[in-house]
Structure formats: C-alpha cells, structure tokens
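To keep things clear, I will list the structure first and then write my remarks on it.
Quick note: residue numbers are just sequence positions, from 1. Worth knowing before you read on, the calculation uses all heavy atoms, side chains too, and leaves out hydrogens, waters and symmetry mates.
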Amino acid sequence: MREEYVKEIPIKADRSTIMNLLTDAHLFAGISGHISIYKLFDTTLNDFVPQADANNPGDKYKIAFLYQDESGILYCLDGVLQGPQVNSNSVTYSGHTCLLYTSPSPRDRDVYKRQEYSSGFFDLFKRKSFNKKAKWYGNMAEHILVKHYSWYLSKLGPSVSNNLVEISKASGDVNELIGKLRGLMKFNNTFFVLKGDDFKMVGKISNGDIVNAKLTMSGKVYVYREAIAKLFTLTGNAELKVYRMSSDDAIMAVVENMEQ
C-alpha cells in the first residue's frame, strides 16, 4: 500500500526559515497535526529515552501517530521517525520527503514545497485497524499536506535573513564529529560551528581546507593554524552544525553570534 501526493505551495518566508523548520524533527512532527514525538534514541544507551535524558541523541524518535475515526473517536499508533537527511533541495524523514525550490526570480523570494509521502513510513499505515477507521480521510498524504503543512507554511511571512542555511546537524563524541567535518571538505563556501561544554569553534571550509578558524576554549581564544591544531585535542561530547551562505559578508560574525 502506497500513497503519494505532490503539491507546490508558494511561501513568503525565506528558504532558510523553511529549512530550519523542516530540519527540526519536533517542529516537523508538530506541524503535521498527527505526529507527536515523546522519546529520543540515545546512541550510548542504545534505547529510546525522554528528551532530557538523552546524553547522545541520535536521529531516531519514538512517535505517536494520532487519528480519528469518522465519529470523532481518537486513536493512537506507536511508531519510529528517523531523520532528517538533508540535501541541497530536500529534507527526508523515513520516506517522508519535502522538496524545496526557490523561485528563479531574484525579486521573488517565494519558496515552493513539494512533498512525496509514502504510507509505508513507520509501516503503521498497513495495519487493518488503521485502514478501516481512517478510511474517511481519503488520501492521508493529501490530508496531511493540504490540511496541515500547507496551512501552516502559507501563513509564514518574510523575515530578515542573512542567507544562512543549515545543511547538517549532528551531536555526539567530538572525535566522531571531527570525522563528519572531514567529510565536508569537498564543499566550498561552507561554514561550521562545533560547540562543546567548554569550547566553541567556528570556521569556513574552502578548497578542501578549514580557513578563518577561531576556537574559544577555557577563556582563551585561538585562531587560524593554532585553532586547527587545538581541534584535535578536544574531548567529550559536542554538537556540530554546518551552514551554507551565499555571501561572505560578515559570515564569521553571523555564525558565531548565532551560537551565543
């Protein structure tokens, strides 16, 4: 069983605002009107725990999928949401894909959203009890997109933007995150923030190298080569965020200030 629905929605908000919404799993779930996240997967414990108890959160979430039958009685199905996987124009959660397109006109900052949805995501839509009780929704993919995502996203207005788009986010052991950072060296005009309990490093990736690096650690500031050398001495858990930006103007200041 598979359901799909594709629709373009003109959105007045800028692309980075939409990407930030869709790449935040809790916002993504909440806007759907049917998905509630109640636990995160902790990679150290290898188990799902309440959000505040996750020391090393992964990209899997325990969710409750809510729906009603035709008489209005509320039902709940248990499932797992995984993601996001972020590409240049798409955000994917376990087969639930949102494709983003910016208008070619430089004066028109509308963003179009196309969603391809498979009812196999969670495998919970295959259950006979769901198919019988939720039949009145019709195409559930269409319902979620038109009645929930479209309604919410179309109400977002234009906002002040620095053209900074988050393209990747990860948490865990700092050595693993440094490995992820190495994998990003193929990109240009890419910026990152690596933040731990007692340090924060910002930098730009250009032509396979980290440039303009700045590391603040234990009250001291290290820059350029010294910062990169100190990078490999960091320990503990941290969070890595990676951004793309269309202009170099004040980039380092913008990225650093975002993480204050």
Side-chain angles (χ1 to χ4, degrees), residues 14-27 40-45 51-59 83-91 159-260:
D14 58 84
R15 182 185 179 89
S16 62
T17 297
I18 304 303
M19 287 293 286
N20 287 337
L21 283 173
L22 296 179
T23 55
D24 185 318
H26 288 82
L27 292 177
L40 306 179
F41 186 78
D42 188 294
T43 57
T44 300
L45 299 175
Q51 282 89 330
D53 294 339
N55 294 318
N56 293 297
D59 64 348
Q85 295 179 357
V86 182
N87 293 316
S88 60
N89 65 346
S90 69
V91 180
S159 60
V160 176
S161 173
N162 50 35
N163 295 324
L164 193 65
V165 179
E166 183 180 296
I167 62 171
S168 180
K169 179 179 178 180
S171 300
D173 183 81
V174 68
N175 291 316
E176 294 179 2
L177 297 180
I178 291 172
K180 291 181 180 291
L181 192 57
R182 286 191 178 119
L184 297 169
M185 293 301 175
K186 60 185 177 181
F187 296 108
N188 281 322
N189 294 322
T190 302
F191 306 85
F192 69 89
V193 181
L194 181 65
K195 189 175 182 180
D197 292 335
D198 61 350
F199 67 85
K200 180 175 70 175
M201 183 175 187
V202 297
K204 176 183 177 181
I205 298 172
S206 179
N207 298 319
D209 292 319
I210 296 176
V211 298
N212 296 340
K214 179 181 177 181
L215 173 66
T216 303
M217 181 172 62
S218 301
K220 296 183 178 180
V221 178
Y222 306 91
V223 296
Y224 305 114
R225 293 186 181 277
E226 192 175 13
I228 295 173
K230 290 286 185 181
L231 171 64
F232 298 99
T233 69
L234 301 177
T235 59
N237 294 321
E239 180 180 63
L240 174 66
K241 293 182 180 180
V242 183
Y243 303 91
R244 296 294 298 274
M245 197 170 188
S246 59
S247 171
D248 278 1
D249 295 338
I251 286 175
M252 297 304 297
V254 170
V255 175
E256 186 173 8
N257 290 336
M258 287 182 64
E259 299 302 317
Q260 295 294 341

*Looking only at non-hydrogen atoms, find the nearest pair between Ile228 and Ile210 and report the distance.*
CD1-O, 3.4 Å
*Taking all non-hydrogen atoms of both residues into account, name the closest pair between Asn175 and Asp173 and its distance.*
N-OD2, 2.9 Å
*Got a second to check how far Ser171's OG is from Asp59's CG, nearest 0.5 Å?*
10.5 Å
*Verify whether one side chain among Thr44 and Asn56 offers a donor that lies under 3.5 Å from an acceptor in the other.*
yes
*Between Lys204 and Phe192, what is the shortest heavy-atom contact and its length?*
N-CE2, 4.2 Å
*asked:* Taking atom CD as the centre, does Gln85 end up with more than 12 heavy-atom neighbours from other residues, nucleotides or ligands that are less than 6.0 angstrom away?
replied: no
*Nearest 0.5 Å please: distance from the CG atom of Leu231 over to the CE atom of Met201.*
4.5 Å
*What are the two closest non-hydrogen atoms of Ala54 and Pro57, and how far apart are they?*
O-CD, 3.9 Å
*Mind checking whether Met217 and Leu234 have side chains closer than 4.5 Å, heavy atoms only?*
yes
*Go through the structure and list residues passing side-chain contact (heavy atoms from CB on, under 4.5 Å) with Lys169, not counting sequence neighbours.*
Glu166, Glu239, Lys241
*Leu177 to Ala238 - nearest heavy-atom pair and separation*: CD1-O, 3.2 Å
*Partners of Glu226 by side-chain hydrogen bond (donor to acceptor under 3.5 Å, both in side chains), sequence neighbours excluded?*
none
*How many angstroms lie between CD in Glu176 and CG in Asn237, if you round to the nearest 0.5 Å?*
9.0 Å
*Residues which pass ring-ring contact (aromatic ring centres under 6.0 Å, His included) with Phe199, listed by chain and number, not counting sequence neighbours*: none
*Nearest 0.5 Å please: distance from the CG atom of Asn212 over to the OH atom of Tyr224.*
5.5 Å
_Atom of Leu194, atom of Val174 and distance for their closest heavy-atom approach_ = CD2-CG2, 4.1 Å
*Given side-chain contact (heavy atoms from CB on, under 4.5 Å), test Leu181 with Ile205 step by step and report yes or no.*
CA-CA 9 Å; Leu181 192 57; Ile205 298 172; 4.1 Å; yes
